[in-house]
*Asks:* 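Below is one structure. I have some questions about it.
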Amino acid sequence: MMAEHPESCIVCSKGNHCELRRIAASLGVGDSGLYPMPNFPSYEQMNPFIIRDLSKCILCGKCIRADHELVVAGAIEYNHRGFKSRPATLYERPLEESICTFCGTCVSICPTGALSVKNTAYVGTPDQETDSICGFCSVGCSLSMGVAGQKVVDVNPSKSRASVNGATLCVRGHFANDYLNSPARLTRPLVRSKDGEGKSIHAPAAWDEALDAVVMKLSAIKREFGAGSVAFIGSSKCSNEENYLFQKIAREIFETPNLVTLSYDTGQALAARIDARTGGMCRVNPLAELEGARVIVVVNADPGRSVPVVDYHIRRAAKKGAALILVNPWKIELNRWAGAWMRPDYSRPSGPMASDFLLALAKGLVADAGYDRGSVEQATDGFDAFYDMISRRNGIAGEAVDAAVRLMKNQKIAFVIGADTLCYPDGAQTADAVANLLILTGGIGAKRSGLFVLLPESNTLGAMDMGMMPDHLPGRVRLDDGGNIGPDMEGFIEGIESGRIRAAYIMGENPARSLPQPDRVAAALKKLDLLVVQDILYTRTAAMAHFILPGAAAAEKAGAFTNLEGRIQMFSPVVQPPGEAKADWEILAQLIWKMGHPEHYQSLEKIRQEIRRLVPMYQGLGSHLQGWIANNPKGGKPAFAMDFPPVSVALDAAHPFIARLSAPRHHLGGGTRTGRSERVRAYGDHGAVEISPDDCRVLGLEVCGKVRLVSEFGKIERSYVQSSRPPKGMAIVPMGENQNDAMGLAGLSGKNRPASFGWTVSRVGIEKI
Ligand code: SF4
Ligand code: SF4
Ligand code: SF4
């Protein structure tokens, strides 16, 4: 091996991590004088993520095993034999032309410099490595972050045994954290003022000056216009402690019910609905149970793009023989393992919807006596009424339904449901039908089953548990209809438009980019008497603010996130926040103090003590590096949902197609952070709209070109590709790309309302240009 290896250790990015060098040194094989036998396979670095210099390959096969066994992608395999043998893609094409997802798992696992990370402007051999939690999606992967000169320069899976991700990560966690070093980071408090020519600018200010002014102006607006005139938008990217303090400021200090996060409509409302249906008994679901499941049902979800590490769990389960059942309008990578695929059609008024298929499955299981009678009798009341209701339904039939019922019969089943399910016209029914199936198959509290809601952001669940919701107090205490329930995001924007809401404090969110109808949102935000934005990046929303308070990313502060499993994960700072930026909880603690509140939150532990006292689910917070939230300690009973009114989609001649807005794997949601990653930007434009061959034919579209998509809310122009992923009548529009202009197609209103489309689904017309 050493004879074949190039003498480039001094400039090799694996440097001190190289196992070959370590073992050679320990065996005394150094500058050996061996006859050199150089091997010169290709050097590949066209993609912005991974460099392959296979002259350093020692043919250990670890990358191939990682690719086949951990992430189950199948992108690489040995090619050639003997001296020429090398890991390669099909036809030895570059990685970007293969099915590689750039998860980087092979790179972390490669013992030599044959596979290495393509560096960005900030390079260097890390002089320290610290574990953290990924701040992107709700999986909450454990990371090991390499730091050089107070910059994060390298990210690998943590070696912690208790991690959710093991040796894997996804493209975002592995490569997109370079956004931390973006020049758009906020480093000082900024206050809107005028320059010498009277032009509006953001001028730097001292922390005390900015916070005093924020407190004074917020209080003055509350005094003049009442508590309902002030609103708070919290963040699913901020920690539990921060969301707890934020809702406390809103509820207790400003006495306003106006508090919400941007994930309310795309995750929290769904999770809360399912929590209520299952009696709070399904809060903790380790992903290990998913991987061990015999049958997995995926509903309205594309886990390979939204939560890739969950997707690896499903792929590994399928590889071990689990039956996979999909209820998805569009084709996903998991289709290659699917034993049954039911395809809802929302483009026709009479098309079967996801809830129709799920109800048909329940009817089939009841008819075949394939449900878990014992656990149904034990866990819930009301089975007889459910039996009557489901037996009387005219369920849809078909080969896929029959095949799925056969696979599900008398099995424990794991259900996976997409976060934006409530954005479909039958979203509420779909959520209820999944909860019914879970109860029916005895999946509550059982091994190798359960329900996994694929929430969008790192702390969507934690923010919800901390009461950062308009209709729930901390600890998922639902406010009843007589309670002081605040508006959802649509109500928040309408409140500003009507002049009822006059001041908003937005922490860690960018509604002017991430919400539907972003121009309407931006126009509303501009109307505010006071807009305070606390964030890490100078965003479109921040640009409109009167005060900008620079916060810190997860890698720069301590706190805890709760992932989609219900696992509470503590993290500590890896680097300092840039410039004068502060941890968000410190900013909020100072505000609380300046408001004259008796509590001084001088430490995280003080906040955690209060949470532990008030939120029984969070007894595990802060005592160990990891804890779990508790299933409902009050022992509520799951109950079958009985109400499934028919849903029909209204036809619209001008907008005959459905556009599904979904982020590609390298972006999270609207791409506010991933869009600032140098590597993701270098990856280029992946925003082509996917249109089915049938629709391309009808629209007179060639294999690729440009189209205009027009909805009742706005229009965008994009390139398109013919694709087998969307069904006839549906186009897939990537979010995150092109400043996330795709959101211009969706409407703020409509979600959660029967028979209408929510934030990630819209009716559109498609024109060739
Ligand atoms: S892990 Fe690295 S050294 Fe081993 S086969 Fe793959 S590229 Fe070669
Ligand atoms: S980056 Fe991931 S998908 Fe690509 S070859 Fe490596 S392990 Fe496979
Ligand atoms: S799956 Fe989610 S948490 Fe894990 S690395 Fe990717 S973005 Fe981060």
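In listed order, ligands and their atoms are each counted from 1.
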*Asks:* Which of the numbered atoms in ligand 3 are under 4.0 angstrom from any heavy atom belonging to Phe136?
*Replies:* 7 (S)

*Asks:* Atoms of ligand 3 less than 4.0 Å from Arg172 heavy atoms?
*Replies:* 7 (S)

*Asks:* For ligand 2, which atoms sit closer than 4.0 Å to a heavy atom of Ala73?
*Replies:* 3 (S)

*Asks:* Distance alone, cut at 3.5 Å: any donor-acceptor contact between the side chains of Thr562 and Tyr618?
*Replies:* yes

*Asks:* What are the protein N/O/S atoms, named by residue and atom, that sit under 2.8 Å from atom 2 (Fe) of ligand 1?
*Replies:* Cys110 SG

*Asks:* Under 4.0 Å from a heavy atom of Val309: which atoms of ligand 3 are those, numbered in the order shown and with their elements?
*Replies:* 1 (S), 4 (Fe)

*Asks:* For atom 4 (Fe) of ligand 2, grab the closest protein heavy atom and report residue, atom and distance to one decimal in Å.
*Replies:* Cys100 SG, 2.3 Å

*Asks:* Taking the inter-plane angle between the rings of Phe561 and Phe571 on a 0 to 90° scale, is it parallel (under 30°), tilted (30 to 60°) or perpendicular (over 60°)?
*Replies:* tilted

*Asks:* Give the residue, atom name and distance (to 0.1 Å) of the protein heavy atom nearest atom 2 (Fe) of ligand 3.
*Replies:* Cys137 SG, 2.2 Å

*Asks:* Short question: side chain of Arg52, backbone of Pro87 - any donor-acceptor pair under 3.5 Å?
*Replies:* yes

*Asks:* With no hydrogens and no angle check, do the side chains of Ser142 and Ser163 hold a donor and an acceptor under 3.5 Å apart?
*Replies:* no

*Asks:* For Lys159, does the NZ atom have more than 12 heavy-atom neighbours from other residues, nucleotides or ligands under 6.0 Å away?
*Replies:* no

*Asks:* How far is atom 5 (S) of ligand 1 from the closest protein heavy atom, and which atom is that?
*Replies:* Gly61 N, 3.2 Å

*Asks:* Only heavy atoms of Gly140, strictly under 4.0 Å: list the atoms of ligand 3 that pass.
*Replies:* 3 (S)

*Asks:* Among Asp311, Ile296, Asn328, find the one that has a side chain to side chain contact (heavy atoms under 4.5 Å, CB included) with Leu334.
*Replies:* Asp311

*Asks:* Measure the distance from atom 6 (Fe) of ligand 3 to every protein heavy atom, then report the residue, atom name and distance (to 0.1 Å) of the closest one.
*Replies:* Cys170 SG, 2.3 Å

*Asks:* Is a side-chain donor-acceptor pair under 3.5 Å present for His667 with Thr674?
*Replies:* yes

*Asks:* Ring centroids only, cut at 6.0 angstrom: are Phe175 and Tyr683 within range, meaning strictly under it?
*Replies:* no

*Asks:* Would you mind running through ligand 2 and noting each atom that sits below 4.0 Å from a heavy atom of Ile50?
*Replies:* 1 (S)

*Asks:* I need the atoms of ligand 3 closer than 4.0 Å to a non-hydrogen atom of Cys141, numbered in the order shown.
*Replies:* 1 (S), 3 (S), 4 (Fe), 5 (S)

*Asks:* In terms of the angle between their ring planes, are His666 and His686 parallel, tilted or perpendicular, with boundaries placed at 30° and 60°?
*Replies:* perpendicular

*Asks:* CD of Glu97: more than 12 outside heavy atoms within 6.0 angstrom?
*Replies:* yes

*Asks:* Starting from atom 1 (S) of ligand 2, which protein heavy atom do you reach first, and at what distance in Å?
*Replies:* Gly104 N, 3.3 Å

*Asks:* Which single N/O/S atom of Asp67 lies at minimum distance from atom 8 (Fe) of ligand 2?
*Replies:* OD1

*Asks:* So which heavy atom in the protein is nearest atom 8 (Fe) of ligand 3, and how far is it from that ligand atom?
*Replies:* Cys134 SG, 2.3 Å

*Asks:* Apply salt bridge (Lys or Arg N to Asp or Glu O under 4.0 Å) to residues Glu291 and Lys320 and explain how you reach the verdict.
*Replies:* CA-CA 9 Å; Glu291 186 166 344; Lys320 282 187 259 174; 3.5 Å; yes

*Asks:* If we check side chain to side chain contact (heavy atoms under 4.5 Å, CB included) with Asp584, which of these qualifies: Met507, Glu241, Lys237?
*Replies:* Met507

*Asks:* Where is the tightest heavy-atom contact between Arg315 and Ala73, given as atom of each residue plus distance?
*Replies:* NH1-CA, 3.8 Å

